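In this text the structure is predicted, and so the values were computed from the model without any measurement.
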Amino acid sequence: MTSSLSTNMPNSAQWVQDELSRMQAPDGLLLYLLAMILKRLQQRELAKRALVVSLTLAPVNWSAWQLLADLCDSRTEVDDLLAEHFRTRSSGELHWMAVFFRAHVLLALQENEECAEVLKHLHPVFAHTTALLEFRALVHYQQRDYEEAERYFAEMRRRHPYRLQSMDVFSNILYVTEKKAELSHLAMDASRIDYYRPETCCILGNYYSLKMYHEKAVLYFQRALKLNPNYLSAWTLMGHEYVEMKNTKAAIYAYRKAIDINARDYRAWYGLGQMYEILYMPMYALFYYRKAAALRPYDARMWTTLGVCYESLAKWNEAVRCYERAIATNDCEGLALHQLAIIHREQFGDRDAAAEYYQRMLDRHDVEQMEGPETLEALEYLAHYYKDAKYRYRALVYAKRLQEFSGKESNATALVREIINMPENELEPLSNLTAEEQAAAKALLKRKDGSLLLDDDSMLEEENDESMLAEEHSMFEEEESILDEQQLDQSGRLGRESSNMLEESMLEESMLEESML
C-alpha cells in the first residue's frame, strides 16, 4: 500500500510517506492525515486511494468519509468505489457508514429523491438519531419544501438544544420564509452557546441581512471566514450581500472563492451568472448559468434563467428548449409558459402554439386562483385568436372574462359586441365544442328567433345606463322647472310687496303735503 502511494509525490507528502513506511502496521487516522495533505497538494487520485485504505481500517471516521465525498465527481464513481472496497464478504451488503456516505454524496449531487430512498433503508436502525433527522431536513431544504425542513430542524433543536451543526441551514430557511422572530431567537441561542463558531456568525449574518443591515451582515460573514476560511456558506452568503450592496466586484470575488472550495455549489455559479448579466455580459452569464443548470438539473429556476439569457442573445430555439425543460421540472413560478407563448407569437409567428401555451397558463392560473397582467394578456390573445378563427362561442367566453377582469370601460366591451355581431354563416357549430365549453357558452348566450342574446343581460348594461341617465336628466329638468316656479312665485311676492310699499310711501307723502297746507 505504501509503495503504491510514492509515485510522483511532492517532497512534503513524501516525508509523510516515509514516516508511515517506518510503521509496522498502517494506521487509519494517519492515512486520513496523509489524504488531507495530498488533497491540498492537488494530488486527488493519491488522496482518494489513501482514504480508501484509511476507511477500510477505521470505517467510523466520518471526517474521512466527508473528505472522500469531496474528491468524488460523479455518482457512478461513488457506486463503483463502494462496490469494490466497502461491501462485507459475508453478506455482500454495504457497511452502515458507507450507506450514510452514499446518502451524503447523493445530497451533494442534488439527487434528492435517491437520497430519500437511501434514508428509508437506514430508518429501521437509526430512526431516532440526529444524523438521520439532519439528512431529512437537508433533503427537504434542497427540494424547497421549507415547511417540512423547518419541522425537522425544530425537532433537532428540541432534542439537542446546544447543537450548532447545520443550524446555519436552518437560518437560511427562516431567512427565506422571512420569519424574523424565529431567526432572532435562533441567533440569540447560538450566541449564548458559542459566539465564536462559524455557524453562529453565519446565523447572525442572516439575521442582520433580513433586517436590511447588509454592512453588518457582511461583517459577521467575514468573522465566520476568519474562523474557518473554507466555510462555503459564508462565502456564498457574503456574495449575496454584496449583490444587495451593488458591489459587483466584491460579489464576483466571493462567488469565485466559493467555487474554489466546492465546485458543486450551484448557488455560486448562479450568482456569477447574475453578476455578469448585470454587467451586460450575456455570454459570460450564459456560461455560468449552464454550469448551475448542470449541477441542479431538476430545478426549474435554473432552466428559466438560462432561457431568459438565451433570449437576450436572440437564440430563440435554445430558449424554447430551456423553457420546455423548466415546465418538465415543475415550474412553480409559471414564467416558462408565458415566455413560450411570447416567443411563438412574436418570433415564430405561430399563433396556434402561442394559443396553446396561453391556454395552459390560463388553466394553471385558474387552478391556483392567480390574477395578474399575464392573465389579462392571455385572455385578450385567446379572445382575438378564436374570433379570427370564427369560433364565436369560445371567443365570447374569453372576451367576457376579459371584460370582467378589466372593467366595462376597456376595449373588452367593444370586442364582445364584435363577436356577437359576427355573421352566422361563418361560425362553427355548437356541437364542435367540448361539454365544458358548451356549458360556458350556454351560460352566456341563448337563441331567440335567430338572434343572439346574453342570459345575464350584461350587454344591455350600457342601454340601462343610458336610460338611467335619461331618467336622471328628466328628474333634473323637473326639479329645475319647480325651482323656476318657486323663484317666480317668490319674485312675484317680492314685487307685490314692493308695490304695496311704494303705494304706502306715496300715501304718506300726500298726507304730509296736506298737513303742510
Side-chain angles (χ1 to χ4, degrees), residues 110 141-144 146 168-169 171-173 175-178 202 205-206 208-210 212-215 217-218 220-222 224-225 231-316 318-323 325-327 329-336 338-340 342-343:
Q110 307 292 326
Y141 169 69
Q142 292 193 163
Q143 291 176 331
R144 301 179 68 190
Y146 298 133
D168 54 337
V169 180
S171 71
N172 293 340
I173 296 172
Y175 177 88
V176 172
T177 55
E178 297 184 356
C202 190
N206 276 332
Y208 284 111
S209 177
L210 189 58
M212 298 300 176
Y213 298 154
H214 299 296
E215 293 82 1
V218 168
Y220 277 100
F221 291 136
Q222 289 174 343
L225 292 171
Y231 191 36
L232 178 64
S233 296
W235 283 113
T236 306
L237 294 173
M238 190 166 64
H240 296 343
E241 294 306 308
Y242 282 130
V243 172
E244 296 292 335
M245 296 165 62
K246 305 293 189 297
N247 190 344
T248 56
K249 185 177 179 180
I252 289 173
Y253 176 77
Y255 289 138
R256 289 192 182 279
K257 289 293 292 184
I259 291 172
D260 291 340
I261 295 170
N262 185 2
R264 292 198 297 261
D265 184 14
Y266 79 95
R267 298 176 301 172
W269 292 105
Y270 186 82
L272 282 172
Q274 285 182 316
M275 288 298 95
Y276 284 105
E277 194 172 20
I278 292 172
L279 294 173
Y280 300 102
M281 302 173 70
M283 291 301 297
Y284 285 87
L286 180 63
F287 171 79
Y288 293 112
Y289 282 143
R290 290 177 66 180
K291 286 282 190 179
L295 290 169
R296 198 172 172 87
Y298 303 109
D299 193 337
R301 297 174 300 167
M302 304 297 110
W303 296 106
T304 302
T305 309
L306 193 58
V308 173
C309 191
Y310 275 121
E311 277 196 77
S312 65
L313 295 169
K315 295 185 177 182
W316 309 113
E318 291 83 353
V320 167
R321 286 196 291 269
C322 290
Y323 288 134
R325 183 69 179 270
I327 295 171
T329 52
N330 191 18
D331 180 23
C332 298
E333 299 175 358
L335 179 62
H338 183 232
Q339 293 300 118
L340 282 170
I342 293 176
I343 291 175

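Taking the side chain as every heavy atom from C-beta outward, Leu272 and Ile259 approach each other to under 4.5 Å. Between Arg296 and Trp303, the closest side-chain pair of non-hydrogen atoms is not below 4.5 Å. The shortest distance between side-chain heavy atoms of Met302 and Thr329 does not fall below 4.5 Å. Residues Asp260 and Trp235 have side chains not in contact (no heavy-atom distance under 4.5 Å, counting atoms from C-beta outward). Contact annotation: the side chain of Val218 never approaches that of His214 to less than 4.5 Å [non-hydrogen atoms, C-beta and beyond].
To the nearest 0.5 Å, atom OH of residue Tyr231 and atom CG of residue Asp168 are 3.0 Å apart. Rounding to the nearest 0.5 Å gives a distance of 10.0 Å between CD1 of Ile342 and CH2 of Trp316. Atom CZ in Phe221 sits 5.0 Å away from atom SG in Cys202 (nearest 0.5 Å). Here the straight-line distance linking atom CD1 of Ile261 with atom OG1 of Thr236 works out to 8.0 Å at 0.5 Å rounding. Note that CZ of Arg267 and CD of Gln274 are 12.5 Å apart. Values are rounded to the nearest 0.5 Å. Residue Thr177 holds its OG1 atom at 9.0 Å from OH of Tyr146, rounded to the nearest 0.5 Å.
Judged purely by atom type and a 3.5 angstrom limit, Trp269 uses its side chain to pair as donor or acceptor with the backbone of Ala263. Thr304 places no side-chain N or O within 3.5 Å of a backbone atom of Arg301 that could act as its donor or acceptor partner. Between the side chain of Asp331 and the main chain of Ala336, a donor-acceptor pair closer than 3.5 Å is present.
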Check against side chain to side chain contact (heavy atoms under 4.5 Å, CB included), Tyr284 and Leu279
CA-CA 10 Å; Tyr284 285 87; Leu279 294 173; over 6 Å; no
With side chain to side chain contact (heavy atoms under 4.5 Å, CB included) as the test, would you mind laying out the steps for Asn247 and Tyr253 before giving the verdict?
CA-CA 10 Å; Asn247 190 344; Tyr253 176 77; over 6 Å; no
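The minimum heavy-atom distance between Ala217 and Glu241, with the atom names listed, is CB-OE1, 3.8 Å. What you find for Ala234 and Ala224 is that their closest heavy atoms are CB-CB, 4.1 Å. In plain terms, the two heavy atoms of Val308 and Glu277 that are nearest each other are CG1-OE2, 4.3 Å.
Side-chain polar atoms of Tyr323 and Glu311 form a donor-acceptor pair below 3.5 angstrom. Looking at Asp299 and Tyr266, their side chains never bring a donor and an acceptor atom within 3.5 Å of each other.
Scanning for side chain to side chain contact (heavy atoms under 4.5 Å, CB included) contacts around Leu286 gives Arg290, Leu306, Cys309, Tyr310, Leu313, with sequence neighbours left out.
Taking the six-membered ring wherever Trp is involved, the centroid distance between the rings of Tyr270 and Tyr289 falls below 6.0 Å.
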